[in-house]
Amino acid sequence: MIGIPEMKYVANMHGNEVVGRELMLHLIEYLVTSYKTDVVISQLINNTRIHIMPSMNPDGFEASAVDCYGIVGRLNKNGYDLNRNFPDAFNLNPDPIQPETKAVMDWIKSETFVLSANFHGGAVVASYPYDNGNAENNGITPDEDVFKYLATLYATKHANMYQGIQCPGMNSFPAGITNGYQWYPVRGGMQDYNYVYGQCYEITIELSCCKYPDESTLSQFWSDNKVSLIEYIKQIHMGIKGRVFDLEGNPIPNAIVEVKDRKHIQPYTTNSIGEYYHLLTPGSYTFNISAAGVSLLQTVDITNNKNLYATKYDFSINVSASSANSHLQVYTLLSILSTILVLLCT
């Protein structure tokens, strides 16, 4: 549906990090059983397309066993770490793309995901992009403020993550958050792929010091994370959304919609029905919209979301329907070539 944003939760991409898998099952049950009985949950479901993948690495999970600090089951059946397997914006990734990775890449391409989180174990912290980087950016994204806000929200709504829990052999994390690259660089990580190539704001949630705890602890983990999980979903309705139209009022697919001074590695564009989404904190922003060689600069004031509804703003750009169609054909070809290059580089 037009104007309904999509978000996703992905867990258990390391098969031996199991808490997230169980939390996702609890969350699914909670959402389903609360619908039409809880006003907030009902509104959230009615205004959001929520996708939940409890296990990205089922083969790794089957190979794992109760063990807090081991690595058995971390990798997929072919022996690859799925969180080092995605195309990387900063370094060539020589590993062959695995079936699980390819499935998630296709999933990201097929939907208009706006917000996401993936769940791990071995620490207690909310980690945000970049996971990799270079000397120019030092791992800092153009949307640093948004990512710090999202990570801080999850940590502060959590029972104790915000306290900066120190797991054995690790430093503590002030306020329970960290930049991924400054923690340790990761080539081929999923959250960077989402952000750079999927136009999706994803963070990584480390849920527990113990990767595979005893089942008796699961109810406490659910209690600790329940509020954070729900509040995080709500953040898909922060910022701005809308569509881009041509002179005849037709939506323009693949029009570039970028915010001044927030230049992304790969420009963010409208989807097949001309929709765009940007997660932004309240403030005044100048947008640069371009299609078929025509650009438009427009300043928009963004306020706090009200009733799970982002600021809505449609842009009209001075191009004809025929020019917009030519733009779509060229951009589609470039997108295909870009996809081929990404696959060749991996």
Side-chain angles (χ1 to χ4, degrees), residues 8-28 52-86 93 95-105 107 116-128 131-132 154 158-161 165-173 176 178 180 183-194 202-226 228-229:
K8 60 181 169 66
Y9 278 146
V10 177
N12 198 220
M13 70 185 304
H14 291 149
N16 65 324
E17 297 170 13
V18 303
V19 175
R21 174 189 172 107
E22 298 301 319
L23 289 184
M24 294 303 97
L25 297 177
H26 279 71
L27 178 61
I28 292 169
I52 299 175
M53 180 185 287
S55 182
M56 184 179 163
N57 185 5
D59 291 327
F61 174 75
E62 289 299 321
S64 61
V66 176
D67 184 350
C68 281
Y69 308 111
I71 60 171
V72 175
R74 175 184 176 90
L75 310 181
N76 77 340
K77 189 175 182 179
N78 296 331
Y80 287 92
D81 186 330
L82 299 179
N83 204 33
R84 308 292 188 277
N85 193 237
F86 285 82
N93 192 343
D95 294 337
I97 293 178
Q98 295 301 293
E100 300 92 338
T101 309
K102 179 64 164 54
V104 170
M105 289 171 63
W107 187 31
S116 179
N118 74 86
F119 297 90
H120 291 256
V124 181
V125 66
S127 175
Y128 58 89
D131 263 340
N132 204 357
Y154 195 98
H158 188 277
N160 48 39
M161 185 181 289
I165 295 173
Q166 184 173 7
C167 295
M170 276 188 194
N171 295 324
S172 62
F173 300 96
T178 185
W183 183 12
Y184 62 92
V186 171
R187 183 193 66 193
M190 185 166 69
Q191 74 173 5
D192 282 7
Y193 180 84
N194 271 275
E202 176 169 291
I203 68 173
T204 298
I205 310 296
E206 300 275 354
L207 294 164
S208 57
C209 293
C210 181
K211 296 177 183 178
Y212 197 137
D214 186 81
E215 63 180 314
S216 63
T217 64
L218 292 178
S219 61
Q220 186 61 53
F221 282 118
W222 169 243
S223 177
D224 290 347
N225 287 274
K226 176 182 173 182
S228 292
L229 290 168

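The chain is numbered in sequence order, starting from 1.
In terms of heavy atoms, S219 sits closest to S216 at OG-O, 4.2 Å. Pairing each heavy atom of I203 with each of A126, the nearest pair is CD1-CB, 4.5 Å. Across A63 and G73, no two heavy atoms sit closer than the pair CB-CA, 4.3 Å.
Side-chain atoms of V18 and P213, non-hydrogen and from C-beta on, do get closer than 4.5 Å to each other. The side-chain heavy atoms of D131 and W183, taken from C-beta on, include no pair separated by under 4.5 Å. Proximity of L23 to L207: side-chain heavy atoms (C-beta onward) are separated by under 4.5 Å at one or more points. Using a 4.5 Å heavy-atom cutoff, the side chains of V186 and N132 are not in contact. Using a 4.5 Å heavy-atom threshold, the side chains of I97 and Y80 count as separate. At a threshold of 4.5 Å between non-hydrogen side-chain atoms, the residues H26 and F221 do not count as touching. Looking at S127 and F173, their side chains never come closer than 4.5 Å, going by heavy atoms from C-beta outward.
The number of heavy atoms from other shown groups lying within 6.0 Å of CG (N171) does not exceed 12. More than 12 heavy atoms of other shown residues, nucleotides or ligands fall within 6.0 angstrom of atom CD1 in I28.
For the cysteine pair C167 and C209, the distance separating the two SG atoms is below 2.5 Å.
Distance alone, capped at 3.5 Å, places no donor-acceptor pair between the Y9 side chain and the L27 backbone. Q166 contributes a side-chain N or O that, together with a main-chain N or O of M170, makes up a donor-acceptor pair within less than 3.5 Å. Without hydrogens or angle criteria, N93 side chain to F86 main chain gives a donor-acceptor distance under 3.5 Å.
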(message) Using the rule given for side chain to side chain contact (heavy atoms under 4.5 Å, CB included), can you reason through E202 versus M190, listing the C-alpha separation, both sets of side-chain angles and the distance that settles it, and then say yes or no?
(response) CA-CA 9 Å; E202 176 169 291; M190 185 166 69; 3.8 Å; yes

(request) Determine, step by step, whether M105 and N85 satisfy the side chain to side chain contact (heavy atoms under 4.5 Å, CB included) criterion, reporting the C-alpha distance in whole Å, the side-chain angles of both residues, the deciding distance to 0.1 Å, and the verdict. (result) CA-CA 11 Å; M105 289 171 63; N85 193 237; over 6 Å; no

(request) Report the C-alpha separation of M161 and I205 in whole Å, then their side-chain angles, then the decisive distance to 0.1 Å, and conclude whether the side chain to side chain contact (heavy atoms under 4.5 Å, CB included) test is met. (result) CA-CA 10 Å; M161 185 181 289; I205 310 296; 4.0 Å; yes

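Here CD1 of I71 is found 8.0 Å from CG of N16. Values are rounded to the nearest 0.5 Å. Between the CD atom in Q191 and the OH atom in Y128 there is a gap of 10.5 Å [rounded to 0.5 Å]. The distance from the CD atom of E100 to the NZ atom of K77 is 10.0 Å, given to the nearest 0.5 Å. Interatomic distance, T101 OG1 to L82 CG, rounded to the nearest 0.5 Å: 4.5 Å. To the nearest 0.5 Å, atom OG of residue S208 and atom CD of residue Q220 are 12.5 Å apart. The distance from the CZ atom of F119 to the CG atom of N12 is 12.0 Å, given to the nearest 0.5 Å.
Looking at N194 and S116, their side chains never bring a donor and an acceptor atom within 3.5 Å of each other. With 3.5 Å as the limit, one finds a donor-acceptor pair spanning the side chains of Q98 and N76.
Looking at residues two or more places apart in sequence or on another chain, you find a side-chain contact (heavy atoms from CB on, under 4.5 Å) between H120 and M13, H14, E17, N83, N118, T204, E206.
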